[in-house]
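Encoded as structure tokens, the structure appears first; notes follow it.
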Amino acid sequence: MAEYEEPPEVHWVDEQAGPVVRPYAVTRGRARPVTGKFDLTSQVCTVRTVSSQDIGLGPEHLAIVTLCGRRLSVAEVAAHLDLPLGTVRVLLGDLLERQLVRVFEPRPAPVLTDDSVFEQVINGLRAL
Amino acid sequence: MGYAHSDGADQTGTTGELMPTAVKILIAGGFGVGKTTLVGAVSETRPLRTEELLTEEGVSVDDLSGVEAKTTTTVAMDFGRISINEELVLYLFGTPGQDRFWFVWDELALGALGAVILADTRRLADCFPSVDYFEKHGTPFVVAVNCFEGARQHRLDEVTQALNLDPGVPVMLCDARSRESGKAVLIAVLEHAMRSHRAMSPATAG
Ligand SMILES: Nc1nc2c(ncn2[C@@H]2O[C@H](COP(=O)(O)OP(=O)(O)OP(=O)(O)O)[C@@H](O)[C@H]2O)c(=O)[nH]1
Ligand SMILES: [Mg+2]
């Protein structure tokens, strides 16, 4: 196996892209969640407290459990933890596998026979 | 003790809890055109920011088997939320308008109700990638001309012409800093999307 080379700390690609980062330190190298899909707008909700039987959880997992006492989207979880989305998806997969959280998938694109969602959102915006 | 519930999945959603769902609208447009400003003006909180890891070729890191840090970069998305009611949340995603971020666009555009393309009349060409993308993917969109200096001197039909838009695509003026103006733009997208949706639907008689 090749020697692992420490990547440079920060390397600016250009002003549009952020710095190159070392991905997945938090997930111990895993790029994919063990379970779940986790759309940006999937809603995550904590359903039970962490117990001593829940082994293998890091501080970021615990932070998500606390954060999602109130229902939040995957994107919001990532923003609040200041972690990349891919990383957060892996952590959420761990929590879903342990049934610490529930995930509500986003509403699918409206099917042809149902356009009530447009009206709901329009009326909601007008009422703001 | 006693706080380890084996029936954790049944703790919520038991009696009468509404199924929470989310919908989204994309805010696209060129660099510095006011995307984040618009998201902030209409959202219930300040814009949040999240990042996605990409390879330099713009591919999702999730799609790679051998992930190496040197091949990755990040792309940032700004987003905001508007709670429509107990069961429905609207998310607004400000999307980077660069071709190299197509992968992010694909994820964002999937299931989106519609899109706003913010335009600055001094740099209309910046809109082309967004217009092309939404046309190709069938995402209903409106063009909102942000009222920077000089925007009002342009006629909206000139914008339609310059961007070679389908005549049915709404073009409107907006002030990305104004909540009322932002709301009007969002309502315009939704009405346009609803019309497009009904036009495709076989069973609508008014
Ligand atoms: N005069 C005027 N200035 C505006 C308006 N909208 C935004 N701005 C300003 O334009 C600048 C860029 O706005 P942003 O909202 O950051 O633009 P953006 O599209 O998110 O920019 P990037 O994410 O960097 O591509 C900010 O300084 C805003 O305050 C507007 O309607 N009128
Ligand atoms: Mg921005």
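Reminder, nothing fancy here: chain letters follow the sequence lines and each chain counts from 1.
- Considering OH of B:Y91 and CD of A:E76, their distance stands at 3.5 Å, rounded to 0.5 Å.
- At a threshold of 4.0 Å, the pair B:R198-A:E119 counts as salt-bridged, since one of the basic side-chain nitrogens sits closer than that to a carboxylate oxygen.
- Among residues two or more places apart in sequence or in another chain, the side-chain contact (heavy atoms from CB on, under 4.5 Å) test is passed with B:T45 by none.
- Partners of B:R177 under the side-chain contact (heavy atoms from CB on, under 4.5 Å) rule, at least two apart in sequence or in another chain, are B:T37, B:D175.
- Side-chain contact between B:E180 and A:L128 is absent, with no heavy atoms from C-beta onward closer than 4.5 Å.
- Residues of residues 162-172 of chain B placed with any heavy atom under 4.5 Å of a heavy atom in chain A are absent; none qualify.
- Closest non-hydrogen pair, A:F118 versus B:L190, comes out as CD2-O, 3.9 Å.
- Contact of A:R126 with chain B is made through backbone and side chain together, with heavy-atom distances under 4.5 Å.
- Looking at every heavy atom in both residues, B:E52 comes nearest to A:G86 through OE2-N, 4.1 Å.
- Closest approach of A:L125 to B:I82, counting heavy atoms only: CD2-CD1, 4.0 Å.
- Between B:T21 and A:F104 the shortest side-chain heavy-atom distance does not fall below 4.5 Å.
- Looking at B:E51 and A:D82, their side chains never come closer than 4.5 Å, going by heavy atoms from C-beta outward.
- Most heavy-atom pairs under 4.5 Å with chain A: of the set B:E44, B:K24, B:M77, B:R81, this distinction falls to B:R81.
- With sequence neighbours excluded, the residues forming a side-chain contact (heavy atoms from CB on, under 4.5 Å) with B:A109 are B:L26, B:Y133, B:T139, listed by chain and number.
- Closest approach of A:A78 and B:T50 over heavy atoms only: CB-OG1, 3.3 Å.
- Between the CG atom in B:L110 and the CG atom in A:D39 there is a gap of 7.0 Å [rounded to 0.5 Å].
- No other option in A:V121, A:D54, A:L83 has as many heavy-atom pairs under 4.5 Å with chain B as A:V121.
- Of the atoms belonging to A:S73, heavy atoms from both backbone and side chain fall under 4.5 Å from chain B.
- At a threshold of 4.5 Å between non-hydrogen side-chain atoms, the residues A:T41 and B:F93 count as touching.
- For the options B:V89, B:L113, B:L90, heavy-atom pairs under 4.5 Å to chain A are most numerous at B:L113.
- Sparse packing is recorded around CZ of B:R46, with 12 or fewer heavy atoms of other residues, nucleotides or ligands lying under 6.0 Å away.
- Classification of B:E107 and A:R89 as a salt-bridged pair holds, one side-chain N sitting under 4.0 Å from a carboxylate O.
- Residues B:A22 and A:P106 come closest through the heavy atom pair O-CB, 3.8 Å.
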